[in-house]
Each structure stands twice: as C-alpha cells, then as structure tokens.
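Quick one: structure below, then a few questions.
The sequence lines fix the lettering, A, B, ..., with proteins before strands; numbering per chain opens at 1.
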Number of protein chains: 2
Amino acid sequence: MSKQYITLKDIAKALNLSASTVSRAMKNNPAISAETRELVQNFARKHKYKPNILAMQLRTKRNTTIGVIVPEIVHYFFSTVLAGIQAEAEKENYNILICQSNEDYKKEIKCVQTLLDARVSGILASQSKTTKEYDHFQEIVDNNVQLVFFDRICTGINTDKVVVDDYEGALKAVDYLASTGCKRIAFLGSDSDLPISNNRRMGYESALRKHKIKVIKSLIKECDTRELAQKIIPDMLNESNTPDAFFCINDEVAAYCLQAVKAVGFRVPEDISICGFTNGYLTEVTEPTLTSVDQHGFEMGITAARLLIDRIEGKETKKGVVSKLIKTELVLRNSTR
Amino acid sequence: MSKQYITLKDIAKALNLSASTVSRAMKNNPAISAETRELVQNFARKHKYKPNILAMQLRTKRNTTIGVIVPEIVHYFFSTVLAGIQAEAEKENYNILICQSNEDYKKEIKCVQTLLDARVSGILASQSKTTKEYDHFQEIVDNNVQLVFFDRICTGINTDKVVVDDYEGALKAVDYLASTGCKRIAFLGSDSDLPISNNRRMGYESALRKHKIKVIKSLIKECDTRELAQKIIPDMLNESNTPDAFFCINDEVAAYCLQAVKAVGFRVPEDISICGFTNGYLTEVTEPTLTSVDQHGFEMGITAARLLIDRIEGKETKKGVVSKLIKTELVLRNSTR
DNA sequence: AGATTCTATGCAAACGAATGCATTGGATAT
DNA sequence: ATATCCAATGCATTCGTTTGCATAGAATCT
C-alpha cells in the first residue's frame, strides 16, 4: 500500500553515489568524507528519508521491538506498569507490542505465539491466574528470546523477574493495623498458588506474630474479586467474633469491603479498619478514603523494561536469574485508625 | 541475537527442494503436488517453522502493524478503548504498537514519528489536549498511511473518525436531571476547543431548552481535573444561588464534586444531583454510587480498529470521510434522584 | 620515480521470503 | 515417432539495508 517512502537507493541515484556510501554517510561512518556526509544527510533530511526498519532488522537480525503480555489492560496497576514500560522503552528507542491474556491460559499461549511470530527480541510477561503449565513460556526461552516476568511471576520457569515486595508491603500494613489496636485482622487474598498472594500472607502472618496475635484460619479467605467480596464479607461480619480489620489483596475488594461493612452498620475506621493494596484511583473517592499499599507500578515497568533491554543488549551479564524487588509504600488515609 | 529460528532455506536444504517450492508448499499453492506439500508442512510443523514476518513484509510491502496514539494509558476510558482495539486487531492478525502522548503536543509529534518509523500501515489516534497544530497528523496522511481518529478528534484535518455521541449523551443525562426536577443544572466541562466538550455543552443546552430552563453562563465552567474540581466547586456552592445538579465531563470530576458537595453539608441526591461521564471503576465505590454516561469504550476501540483495517485492506471504499458514532447509555445510580 | 599507505568510494553478497519465468519429464494427442 | 501440453519444480530477481572486500586515486615515503 504505502510506497511513498524514499529509500537509500533513491538517494544514491539522485546524488550519483552508491547505496553503500549513502548508508555509511547516514551512520556517520568515518570512512566517508565530511562533504559527502553533509551532502547525503542534508538531502535525506530534505526529503524526509526514513530508514526502512524492516529491511534493517532483517539484515542485522536485531530488532527493537519488545512484547508485553498482561492479564488485563483495563486495570489500574497493569496500565501503570505499561506506562512505565512504555516510558523506558521509548527512551531506548524500543517499540512495544502489547497483548492481553484476559486471565485466560489459552489466550496467553496465543499471545506468546503472536509475539514470537512478530520476532520481538524480548518479552515482558505477567502470568494469567489460570495458567498452570509453562510450555509456552519455555518456548520463548528455547527460541533464545529474552524473557522477564513482572509482578505475577511464573514459578515453573527459571528466568529474570521483577516483583513487588509483597511480603514487606503486607508486613508493614498489618503491622500498622495491629499497632493501632486491631486484634482480629482478616486477610482477603487470592489463589495461594499465586506467589503474590502467598507472599502477602506470609507478611501478614509475620506481622501478627510480631504482635503476638494468633493466626486464625477462619480469618483468611480467598477473595479477590468484587463478586467474591460481596458474597464472603457479609458472612464474615455475621459470625460471632467479627474481624476488626480487613487487609485486602486489592483496592477493589477493599472498596466493596468498605461498603459491606458500612451496610451492616459498623463504622470505619472506628469499629473496623480496612486496608487495600494498589493505591489506585479508587482510594480517594471512597468514603472514608482508603488506606492502601502503593505498588509503584510505574517504577516496576521501568525496572522490568530496563532489565529486559539490558539482557537484549548484553549489558546485564549475570549468568543466573536476576530478581528485582520493588519497594512498597503504605499510604495512610481514613479507612484505618 | 536470536538466530535459532529455522528458515525456508533450511527446510529446502533438509528436504532437497528449492526455497521457492517450500514457500509455495507452505502457502498451499496448487502448483505443488500433494505429497510435497504434506512433506514440507509436516517438516515445518515438526521444527516449529515461523515465517520471518520482517522478510515477508519487506518483500510484499504490506505490513500488519497498526499504531495507536493515546493521551494516557492509565485512564479508564482510554484503556478500555485500547482493549477493544487489541481485540479487533488480534482477530484480524494485526499487531498494535502503542504510544502515549501524555497530553503533550511535543510528545505527540514524537509518537507520530515513532510510528511512521516503524512503518505501521495505519494509525489510530486520540489527540492530546495541548495540540493546536496538525502538521504531524498531516504527515501521516502525506505518507499514505491510513489515519483514523477516535474520541478526541482533530478538527484541523479531514479524515475518518469514530466518536462518542457526546451530544446525545449529554442531552439524555441533562434531560433526565431536569425531568427529576432539577432547575439549576451546572455543566463542568473542558476546554471549549475540544469537540467532545463543545458537543456535550450543546447537548446540555438543548436539554435545558427542551425543559424551558434558561442557560446561565455562571453555571458553565471549565473544570476537568481533580485540582480544578477542588478549587471551583466549593466556590460555586458558596454563591447565593447554588446549583441543584452537576453534570460533569468525567467520573473523576463527578466524584470530587460529590465530596465537595457533601463536605458543605448538602445531601446527594436529595439536595443536589450529580452525574458523571465515562461510567468507569469509580462509579460503584463512591457514596452514593454515581450516575454516569457510559461511553462504550470497548465498542469504540473495536469500531475504530475495524474501520482502520478496512481502509488498509481497501474494503472501505468510501471516497470521503467516514464518521462513526458510538451511542451512549445513561446508567442510573444513586447520585441522582 | 617507484613503492607504500591512506582516503573515499563502489561492488556484491547477504538477510528471508515471494514470484515471474524458465525448465524438466512424463502423459497425451496426432 | 513426433509434437503438444501439463504438472511439478527450480532459478533468479526483488524488497531496502548492511558490510566485507576490492579498487581507484591521491598523498606520502624512500
């Protein structure tokens, strides 16, 4: 279709030079005289010459596109990470190709295929919740394509990763809750296969131990969506010994938790404290506003992209697996004492 | 770096055929005998042959990547549109390259360059708020690259577009407000240069006229961010004749409006009704929940991608400009009577 | 002046796939 | 038996760049 772009050969012909000379002149190759260089570059500028990246990449076998696989685009945290990836990639003149798995294993496989087909030189991935097998990720590695996981890492495969310090985030949050007098702190988590949930539970338990509070099984639930929140939380509030705090796996659950708690007549934070995880849009518009653990998604995106690009360009030379931790930050608002 | 992929030539050598035969066999070219076809395709499958898209595109000069320019990725509406674009593009085996202008004119120019450099065959764009000149968009057209605007269209350039029916959305919302008895309905809009804001104001005014309510200048403000909301709204509430409804340009402003209104002691919706625009995450977690106009971002993404791909493939043959309207939907919740 | 070096350039072959145009061998027609 | 045709395959070129190597002419050395 579009064929209006001018090529090296066109320039060469116009200037009575060979394509190789033009190529070198454009790249400031010292073998080319200053005059010709100027001549060529001026001509190129004037005629808006754009090198054909396809041809370039075909020839040099190096490609400046990286692929990203996220479970969902319409999601505060992931879109924040995407923004970070985009920022860093752009700085390094990489393009990013984005795929969405929709939390679906089959779709995730298709994403991998799409990205490998596109010959990306590296992939940043966050695993879908439903993924239990890893052959598709293994295929990436087998094809010598760099792979870095972020946030939802894949435990079945040994490769670089960037994760939020979930343990520490949970620890700080629950420590804070306990230090303000909460004794029966509930943990609303996710599938315990997911490291992010598991690590937070460990942080949660550590904090409890630190405060000499017993870990009670019935206060730990798998509850990571709006639907589950609206089903599970009212039940928990009906039991004899109601929680006096909820530490939630994400802001959404925390927000619906807030509603459920208020609906039953408890005051927040006087009777029950609530803390979320993400620190996204929602935190400022709930009533009361929501205390939450910030995951620094933008920074995570930058870090992950940085690491991937360093791998691609051979600047990160560590032989084994590189793991980076992104620090969390507890942001206090009015849903906690 | 990555050179492990197997090529047509490799297959040819292994099977003692020529590359052209292999190429044709892979494409089910009838000139090739059934046996050879099977032979080749089985071999290819077994060795996970992936055609090199770069080479293919270089040769055929058609490229299946489309670029997208959005003002912000971390934004409910735009991320929804992105998801729609992604879904449609994937269905048609197109890849999408995403750029973010950050509402910055200079950055937007850079986005265009990046996408043209990448030789995308089409671009979907939503203009940044700060853009007042259009040379960069013109360059897209000049290079014979297809261009479709969505949502924030560029008035300075004559090309296909997909927009929300802002006029009708505003009309429906304000009509509803008036029909529930609101008499002094404020409009919190955006820069009047932006068609989306202007069209909504017109819808707003039409609704008022329909209900024989006078349009009052002081009830129309430019207020499209959290910061402005927190500054402007309290002032409006302090005036003698306070509004009894706010129709806001987005959910965010509506949510902060809600807070400001309640802070002064008004009840929502009894004293003052509030209506947002977007119908995103926020609407369910405010108190009361927020009535809002749904923009059907996902559908917009699909429609825009569809149109662009049809243009690229020559299936949309209309000579002039194609404009598509996405219908809105008023979603009633508890912030309106 | 002849040999050597350097400077600036061009030639040609890649990269991987697609494709118009041969070419081959066998089958059919005459 | 020869001419004709078709089916199946190969050759060679092309897309736009890059790059090792060759080469031309000028400059320097001896």
For this session: Please tell me which of the listed nucleotides, C:dT9, C:dC15, D:dC11, lies nearest to the side chain of A:Thr21?
Result: C:dT9

Exercise. What is the distance from CG of B:Asn63 to C1' of D:dG16, rounded to the nearest Å?
Worked result: 14 Å

Problem set entry | For atom CE of B:Met26 and atom P of C:dA17, their distance in whole Å | 10 Å

Problem set entry | Residue met sooner reading DNA chain D from 5', once B:Arg59 and B:Thr36 are mapped to nucleotides | B:Thr36

Problem set entry | Protein-nucleotide distance (B:Lys9, atom NZ; C:dA17, atom C1'), rounded to Å | 9 Å

For this session: Return the value, rounded to whole Å, for the distance between atom CG of A:Asn29 and atom P of D:dT19.
Result: 10 Å

Seminar exercise, completed: Output for pair (A:Ile66 CD1, A:Glu92 CD), nearest 0.5 Å, gives 9.5 Å

Exercise. What integer distance in Å separates A:Gln57:CD from C:dA14:C1'?
Worked result: 17 Å

Exercise. Do A:Gln146 and A:Asp160 get their side chains close enough for a donor-acceptor pair, meaning under 3.5 Å?
Worked result: no

Exercise. Counting side-chain heavy atoms from CB outward, which of D:dC15, C:dC21, D:dG16 is closest to B:Arg24?
Worked result: C:dC21

Exercise. What is the distance, rounded to the nearest whole Å, between atom CG of B:Leu8 and atom P of C:dA18?
Worked result: 6 Å

Problem set entry | Spacing of CG belonging to A:Asp117 relative to CG belonging to B:Asn93, to within rounding of 0.5 Å | 9.0 Å

Exercise. Among C:dT9, C:dA18, D:dC15, which nucleotide sits nearest the side chain of B:Lys61?
Worked result: D:dC15

For this session: Calculate the interatomic distance between A:Arg119 atom CZ and C:dA17 atom C1'; express it in whole Å.
Result: 11 Å

For this session: Compare side-chain N and O positions of A:Tyr5 against OP1 and OP2 of D:dT17 and report whether any pair is under 4.0 Å apart.
Result: no

Problem set entry | Candidate nucleotides D:dG16, D:dG10, C:dA17, ranked by approach to the side chain of B:Leu17 - the nearest | D:dG10

Exercise. With a non-hydrogen cut-off below 4.0 angstrom, is A:Leu54 in contact with a base, only sugar-phosphate, or nothing?
Worked result: nothing

For this session: Calculate the interatomic distance between A:Met56 atom CE and C:dG16 atom C1'; express it in whole Å.
Result: 17 Å

Problem set entry | Closest to the B:Lys27 side chain, choosing from D:dT17, D:dG16, C:dA18 | C:dA18

For this session: Quick one: label A:Ser23 by what it contacts on the DNA or RNA (base, sugar-phosphate, nothing), any heavy atom closer than 4.0 Å.
Result: base

Exercise. If you check the B:Ile32 side chain, which of D:dG16, D:dT9, D:dC11 turns out closest?
Worked result: D:dT9

For this session: Mark yes or no for whether A:Ser126, through its side chain, and A:Phe150, through its backbone, hold a donor-acceptor pair below 3.5 Å.
Result: yes

For this session: Choose from D:dT19, D:dG10, C:dT9 the nucleotide whose nearest atom is closest to any side-chain atom of B:Ser18.
Result: D:dG10

For this session: Describe the nucleic acid contact of B:Asn16 in one word from base, sugar-phosphate, nothing, applying a heavy-atom distance below 4.0 Å.
Result: sugar-phosphate

Problem set entry | Nearest-nucleotide comparison on DNA chain C, the residue closer to the 5′ end among B:Ser20 and B:Leu58 | B:Leu58

Seminar exercise, completed: When rounded to the nearest 0.5 Å, the distance separating CG of B:Leu15 from OG1 of B:Thr21 is 10.5 Å

Exercise. Quick check, are the ring centers of A:Tyr5 and A:Tyr49 under 6.0 angstrom apart?
Worked result: no

